[in-house]
Amino acid sequence: MLDPRFIRENPDLVKKAIQDKGEKTDLDQFFRLDQEWRDLLKKGDAFKHERNQVSKEIALLKKEGKEAEGGIQQMREVSEKIQALDGKIKELEEKRVEILTWIPNIPHPSVPVGGEKETKVIREWGEKGKFDFEPLPHWELGESLGILDFKSASKVAGAHFTTYKGLGARLERSLINFMLNLHTQKHGYIEVFPPFLINRPSMFGTGQLPKLEEDMYHLELDDLFLDPTAECPVTNLHREEILKEEDLPVRYTAYTACFRREAGSYGKETRGLLRVHQFNKVELLQLTFPEKSEETLEKILRDAEEVLKLLKLPYRVVLLPTREMSFASNKTYDIEVWAPGVKKYLEVSSVSNFTDFQARRANIRFRRRRATATEFVHTLNGSGLATPRTYAALLETYQEKDGSVVIPEVLRPYMDGVEKIE
RNA sequence: GGAGAGAUGGCCGAGUCCGGUUGAAGGCGCACGACUCGAAAUCGUGUAUCCCUCACGGGAUCGUGGGUUCGAAUCCCACUCUCUCCGCCA
């Protein structure tokens, strides 16, 4: 959510952001409602002031045992007016906030304007391996090795789910542990293990609601959502809080399962592990000072890249253009790992600076030492990393001609020394 | 799921029966100042948030939402959450 005052003062900037992000929010309607709301608010406050004054007088008179019927009569009328006004004010306020929640965050000036074509490659890392045989896609490798089983998963849950088996399950768990250890031990994050079910106010807080309701699994009976990304539960750990200066920056890393309906995203890129309804992800998240968020974005990006470097998986970093980034984001980098079997770069991480957008919705503030005013923190997060596509790239990159897969060295301690799956 | 207790400012905690100068006593914490070579201790002062307004000022908020009333932290209703006990259960 943007600051209404900022919107009033920078209507053109906000309009441009709406346009650049491909949203359709009616800003003029917002201004009409906002003005009307403020006018009525002023009127209502004047009546309330009168009521408060006279009520005090009545209290005094009563205390002295005197008659106060005149004032009471007068206030009866005023109260009716207040009630009528309050009704209208509330209605306007709701409409106003409704529009407010549909205004996206403003993209950073460095973000290219436009759609997918404008995606900018920032850097590439690693040598794409040369194979003296035709590398297989991970689903073929996984099934022939007996470590990935899509059939049994579909029996249990449906299409686009996976069962990991044997050393395959072990490999998945190793990846998660490796990443968590890296981020907690080398990068200074505190590990958290949050709930996987999330309530409506929290989902609003991080900006998934109202826009993405259809993309999430929802438990109707309890009105809870299945965690689509650890960003949701972890950011909301601090919802409605005022942090102290010394609490910042807050750095969390969290493993969670992630659940996404992926409604409407059929087509290509859906085979094997490329697009699944349930996956594992280790997330990096920071709450920080407004003046620090830009450098923090770069830091989180590096922390996430480190995972691929250690796994020795070639990747590239891209800067998303305005239409590709999320509603709440100010600037987003994607990390894409090279998967030689499917011969594609696969998105394994999305690293975003949300500036104060989520903090305002979730009401996460901080106070500087010696300051009286509160400020909104800046929230940032990035996957560090999502496992399915990392797993896919790993199988495809480390495959041998005989269909076996070598375990990257950094993972071997987590695999009890297993060097190869065959 | 059943029974009971509770939800008040950064924290603890009065006030709620008997509605009225209570945005809220007291304490802790924190900030500033005095004392001190410095510190501790002590003393003094200050210390919720949000909204409207250029400002003066005004309004709102005592878990959330309704209601009663001229007036609600205080009365009524619903809901949410926390704690204790019982039941059930991975």
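Chain A is the first sequence line, chain B the second, and so forth, proteins listed ahead of strands; every chain is numbered from 1.
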Under 4.0 Å from OP1 or OP2 of [N]: is there any side-chain N or O of [X] that close?
| X | N | value |
| --- | --- | --- |
| A:R5 | B:rC52 | yes |
| A:T374 | B:rC50 | yes |
| A:R367 | B:rU49 | yes |
| A:R76 | B:rC70 | yes |
| A:R365 | B:rU49 | no |
| A:S79 | B:rU69 | no |
| A:K90 | B:rG66 | yes |

| query | When the P atoms of B:rC54 and B:rU49 are considered, how many whole Å apart are they? | reply |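 B:rC54 and B:rU49 have their P atoms separated by 22 Å.
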| query | If the P atom of B:rA25 is compared with that of B:rC11, how far apart are they to the nearest Å? | reply |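 Going atom to atom, P in each nucleotide, I get 15 Å.
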| Reference residue A:D86; test salt bridge (charged side-chain N to carboxylate O under 4.0 Å, His left out); the match among A:K43, A:R51, A:K48, A:K81 |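 Per the salt bridge (charged side-chain N to carboxylate O under 4.0 Å, His left out) rule, the option paired with A:D86 is A:K48, out of A:K43, A:R51, A:K48, A:K81.
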Can you tell me if [X] and [Y] form a side-chain donor-acceptor pair at under 3.5 Å?
| X | Y | result |
| --- | --- | --- |
| A:K281 | A:T229 | yes |
| A:S293 | A:H378 | yes |
| A:N330 | A:T355 | no |
| A:S55 | A:N52 | no |

| query | Please give, in whole Å, the distance from B:rG9 P to A:E240 CD? | reply |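 Atom CD in A:E240 sits about 13 Å away from atom P in B:rG9.
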| request: Answer yes or no: is there a donor N or O on one side and an acceptor on the other, between the side chain of A:H183 and the main chain of A:G384, under 3.5 Å? | output: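 Yes, because the side chain of A:H183 sits within donor-acceptor range (under 3.5 Å) of the backbone of A:G384.
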Does [X] reach a base, just sugar-phosphate, or nothing at all? Heavy atoms under 4.0 Å.
| X | answer |
| --- | --- |
| A:R8 | sugar-phosphate |
| A:I58 | base |
| A:R200 | nothing |

| message | The side chain of A:N52 is closest to which nucleotide in this list: B:rG71, B:rU68, B:rG59? | response | B:rG59
| task | Consider the side chain of A:Q83, meaning its heavy atoms from C-beta on, and name the nucleotide among B:rU68, B:rG20, B:rC52 that approaches it most closely. | result | B:rU68
| field | Strand contacts (RNA chain B) in residues 43-51 of chain A, 4.0 angstrom heavy-atom criterion | value |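 Residues of residues 43-51 of chain A under 4.0 Å from RNA chain B: A:D45, A:K48, A:H49, A:R51.
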| said: Around atom CD of A:E291, are there more than 12 heavy atoms from other residues, nucleotides or ligands closer than 6.0 Å? | reply: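 Yes.
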